[in-house]
Amino acid sequence: MILDIDMLRSFYASYSKNVENAKKTMKRPLTYAEKVLYTHLFDPVALHPFKRGEEYVDFRPNRVAMQDATAQMALLQFMNAGKEEVAVPASVHCDHLIRADLGVEKDLPTAKVQNKEVYDFLQSVSQKYHIGFWGPGAGIIHQVVLENYAFPGGMMVGTDSHTPNAGGLGMIAVGVGGADAVDVLTGLPWELKMPRLIGVHLKGKLSGWASPKDVILEILGILTVKGGTNAILEYFGEGLDSISTTGKASICNMGAELGATCSIFPFDENAYQYLLQTGREEVALLAKQNAAELRADGEVYANPEKYYDQILEIDLSKIEPHLNGPFTPDAATPISQMKTKGPANDYPMTVEVGLIGSCTNSSYQDLARAASVARQAYEKNIPVKAQLIINPGSEQIKYTAERDGILEDFRKIGALIMTNACGPCIGQWKRHTDDNNRKNAIVTSFNRNFRRRADQNPNTYAFIGSPEMTIALAIAGRLDFTPAVDTLLNKDGKSVMLEEPKGYIFPPKGFETHEGETGAEGMEKLGLFIPPSKGKQDIEVVIAPESNRLQKLEPFAAWDGKEYEDLALLIKTQGKCTTDHISMAGPWLKFRGHLQNISDNLLMGAVNAFNGESNHVKNQLDGQYVEVSTAAKAYKAHGIGSIVVAEDNYGEGSSREHAAMEPRFLNVKVILAKSFARIHETNLKKQGMLALTFVNKNDYDKVKEDDKISVVGLKDMLPGSKFKIVLKHKDGSEESFLAEHTYNQTQIEWLKAGSALNKERAVK
């Protein structure tokens, strides 16, 4: 079964012609990213040389993907749009709500009971509005999308920040908030600032213990978590030939950690074979017929500096295994340097847990290479020092890996096999430990390692590596183990070494989902996939009024026409403030469909600049120190608006729009930051929030704990206009400075209407 085959046939029938028209209009060769962007304009007549990093452009994506945590809020918004069905193919994937605890045999049935209300809601909404539904256990959204939906040359948005994973198969795939997804689902234009283009030239070939994961870990060290903001990373060069499609997907996946809009690889033989191996022969042939336009033009490759805004040269032959962390994915350390860096930085050097999986590294090849290391530990009688946890990426991967003995290789050295779901990667890990505040180190093949993210322990030092390095360090039990040169003592007292990992790209016997079945067809027979319904569906979506997990949305109030005067300072955050800090995951995931309840976690992880503590701010009404949400609710109850002041890259991380909706719900009017992460800034705009940045970043230091803050300029707001920020200090003195914004005229209208959805309703 090839899903959405009619859409794919239609797309490829006109793709090359549309690219040719774009080249004629632009009067120059195009990069691959440009070809995909320009063939997805909402109005092709609007085609012109858009200014990168400046002009907003309306696009028409081919499809939408949603995971269960973010799908709830997205579909609650879609239900208010008054549509009978979605305008483009879409899918929902139940992967975030499953707790990793005792193993798949116990965890999956428990999740089905605990989350039944949410799963029933998502399934009924999906059937009512013609959306494909992948049930709990089917797999992690991005692995399932890569196996079933991703296609070269396409454009997709997804309500998860790691949607760019599909770039490994040649898609422009962008993580967005639910409101953006609703635009696409309702057939409206999807707006995006035309991205800058960073060309990444890969030369040479990976060798030894180095893996595709190490490529992106090294790039993170070069560009940092802000280096890709409002940019697409487009990969090219002879180095591409030796990297599998799933390896390329891993690289694209973690491009999200750079703040990049997305990343993309051109179509090649690896992609062709991946499509064939995953049962999409017709798509493979259609792509091959369009192969000349599923890559940049020859002139671009000959003179890349003329066509990209920035060039990054990476010699794969010089890449060595990395460990990135702790607490931020851009703290890059080649493993050979950890012996010095670890003690110098007082890292806990004992590895207590190794975790393999996540949407970044849970493919067949990932598991096969890691299993080759596990097999050596068993055969060479090497004791495994750390706990080992495995999360396969999909039921297809799990079943095939079980059939081929890969999972048994893990079990032989004591590994626990978890559900095909995100689990520990997004905080859904019930860690069994003696002290959940104790300083310790874990190594993961995940994508993020923010403080508290995996296990809610602020003193867990989480390091990111490849699956093969994760298992090697779990076996050794040390952060500073370099498998290429270091030896281990086996149970017989002999010094032995681990050999380089090996693993098939594709299973020799082919992929399988159950007893000879493959792909979506097999998943449907297993009851793990329900295809989109056809015709009008007379289905009532029931949300119990007393539910604490689901709540119908009420529209936010429109702007009242007044300036924002005497706002209470809710919190001045210090240092990194990600969406994990603003709206924590973990146990809070269960409230993703209930805005009122989840708002209780507002900014609970953010550090208060005035006392260095989390979730402990001064309530200006009585001078008491309380939780951030408690202060916000008090201000709201007294009709007082509030403001959040923050440092650089505010809202880094997940696409979760709850981080924008919660402050909006609790009457926060303005977020004033040194800079914003792309997705979060867009989410704030969509929800009718005012997102401002300091013209002079040093003005951040002027804001005091008891300040009343006025924000003047809303009445005269235009694209490019400035705001005056007036600080009224407790001693009666005042200071003022300027702030700026990036709103275009449409976004200003969203703000004044109260939200983008309010504006769309008004237009209708």
Side-chain angles (χ1 to χ4, degrees), residues 161-162 164-165 167-168 198 200-202 204-228 233 235 239 242-244 246-260 263 265 312-338 341-342 345 347 351 354-363 365-366 369-370 425 441-450 453-454 461-474 479-484 501 652-653:
S161 57
H162 292 103
N165 191 83
I198 299 175
V200 185
H201 181 200
L202 300 184
K205 186 177 181 180
L206 293 167
S207 62
W209 283 81
S211 75
K213 182 67 165 282
D214 298 303
V215 177
I216 188 61
L217 294 179
E218 174 149 311
I219 291 173
L220 271 157
I222 297 169
L223 294 181
T224 79
V225 292
K226 296 185 290 184
L233 274 70
Y235 290 83
S242 62
I243 303 177
S244 68
T246 52
K248 290 168 182 169
S250 294
I251 293 171
C252 291
N253 181 293
M254 279 197 70
E257 276 41 82
L258 296 163
S263 303
F265 282 85
L312 205 58
E313 297 277 350
I314 302 291
D315 186 344
L316 298 178
S317 65
K318 295 180 180 179
I319 295 280
E320 69 169 290
H322 276 60
L323 276 187
N324 282 30
F327 309 132
T328 182
D330 60 351
T333 304
I335 190 65
S336 61
Q337 296 177 18
M338 189 57 77
K341 187 174 180 179
N345 288 276
Y347 296 160
V351 176
L355 301 112
I356 293 172
S358 88
C359 61
T360 318
N361 282 110
S362 54
S363 69
Q365 184 183 24
D366 288 325
R369 283 175 61 86
C425 184
I442 65 174
V443 178
T444 81
S445 69
F446 304 164
N447 41 50
R448 292 192 175 133
N449 55 351
F450 304 143
R453 182 174 176 91
Y461 285 56
F463 294 86
I464 302 170
S466 66
E468 42 269 66
M469 279 303 298
T470 297
I471 198 164
L473 297 183
L479 280 179
D480 55 4
F481 175 68
T482 304
E652 171 193 342

Asker: To the nearest 0.5 Å, what is the distance between OG1 (Thr224) and CD1 (Ile219)?
Answerer: 12.5 Å
Asker: Show your working on side chain to side chain contact (heavy atoms under 4.5 Å, CB included) between Leu316 and Val215 and close with a plain yes or no.
Answerer: CA-CA 7 Å; Leu316 298 178; Val215 177; 3.6 Å; yes
Asker: Provide the closest heavy-atom pair for Asp214 versus Trp209 in the form atom of the first, atom of the second, distance.
Answerer: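 Nearest heavy atoms, Asp214 then Trp209: OD2-O, 3.9 Å.
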Asker: Quick one: does Pro329's side chain get under 4.5 Å of Ile464's, heavy atoms only?
Answerer: yes
Asker: Report yes if the side chains of Arg369 and Pro467 come closer than 4.5 Å at any heavy-atom pair, otherwise no.
Answerer: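 No - every pair of side-chain heavy atoms lies 4.5 Å or more apart.
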Asker: If you apply the rule side chain to side chain donor-acceptor pair (under 3.5 Å), what do you find for His162 with Glu257, and how did you get there?
Answerer: CA-CA 9 Å; His162 292 103; Glu257 276 41 82; 2.9 Å; yes
Asker: Check Ala454 against Ile442 and note the closest heavy-atom contact, atom names and distance.
Answerer: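 So the minimum-distance heavy-atom pair works out to CB-CD1, 4.2 Å.
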Asker: So if I apply the side-chain contact (heavy atoms from CB on, under 4.5 Å) rule between Lys213 and each of Thr360, Asp366, Asn447, which one comes out positive?
Answerer: Thr360
Asker: Going from CD1 on Ile314 to CG on Leu202, what distance comes out if it is rounded to the nearest 0.5 angstrom?
Answerer: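 Those atoms lie 7.0 Å apart.
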Asker: Is Phe446 close to Leu355 at the side-chain level, that is, under 4.5 Å between some pair of heavy atoms?
Answerer: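 Yes, side chains in contact.
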Asker: Shortest non-hydrogen contact from Pro212 to Leu206?
Answerer: N-CD1, 3.6 Å
Asker: Which atom names give the shortest non-hydrogen contact between Ala474 and Gly354, and what distance separates them?
Answerer: CB-CA, 4.2 Å
Asker: State, yes or no, whether a side-chain contact exists between Lys205 and Ser317 at a heavy-atom distance under 4.5 Å.
Answerer: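 Of all side-chain heavy-atom pairs linking Ser317 with Lys205, none is under 4.5 Å.
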Asker: Please say which of Pro321, Ser211, Ser445 ends up in a side-chain contact (heavy atoms from CB on, under 4.5 Å) with Met469.
Answerer: Pro321
Asker: For the CE atom of Met338 and the OH atom of Tyr347, what is their distance to the nearest 0.5 Å?
Answerer: 6.0 Å
Asker: Without swapping roles, check the side chain of Asp330 against the backbone of Val225 for a donor-acceptor pair under 3.5 Å.
Answerer: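 Present.
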Asker: Can you see whether Arg448 engages Ser161 through a side-chain donor-acceptor pair at a distance of less than 3.5 angstrom?
Answerer: yes
Asker: Using only heavy-atom distances, determine whether the side chains of Thr333 and Lys341 contain a donor-acceptor pair under 3.5 Å.
Answerer: yes
Asker: Please answer whether the main-chain N or O of Ser250 pairs with a side-chain N or O of Asn361 as donor and acceptor at a distance below 3.5 Å.
Answerer: no
Asker: Return the CG to SG distance between Leu233 and Cys252, rounded to the nearest 0.5 Å.
Answerer: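 Interatomic distance, Leu233 CG to Cys252 SG, rounded to 0.5 Å: 8.5 Å.
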Asker: Is any side-chain heavy atom of Leu312 closer than 4.5 Å to one of Leu223?
Answerer: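 Yes, their side chains come closer than 4.5 Å.
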Asker: Any chance you could measure Tyr461, atom OH, to Asn345, atom CG, to the nearest 0.5 Å?
Answerer: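 Going from OH on Tyr461 over to CG on Asn345, the span is 9.0 Å.
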Asker: Using side chain to side chain contact (heavy atoms under 4.5 Å, CB included), reason through Cys359 and Asn253 one step at a time and then give a plain yes or no.
Answerer: CA-CA 8 Å; Cys359 61; Asn253 181 293; 3.2 Å; yes
Asker: Calculate, to the nearest 0.5 Å, the distance between atoms CD1 and OG belonging to Ile335 and Ser466 respectively.
Answerer: 9.5 Å
Asker: One pair to check against side chain to side chain contact (heavy atoms under 4.5 Å, CB included): Leu479 and Phe463. What are the steps and the verdict?
Answerer: CA-CA 9 Å; Leu479 280 179; Phe463 294 86; 3.6 Å; yes
Asker: Considering only heavy atoms from C-beta outward, does the side chain of Phe265 approach that of Ile251 to under 4.5 Å?
Answerer: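 Heavy-atom side-chain distance check passes, below 4.5 Å.
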Asker: Measure across Cys425 and Arg453 and return the closest heavy-atom pair with its distance rounded to 0.1 Å.
Answerer: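 That would be O-NE, 3.0 Å.
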Asker: So which atom in Leu323 and which in Val443 form the shortest heavy-atom distance, rounded to 0.1 Å?
Answerer: CD2-CG1, 3.9 Å
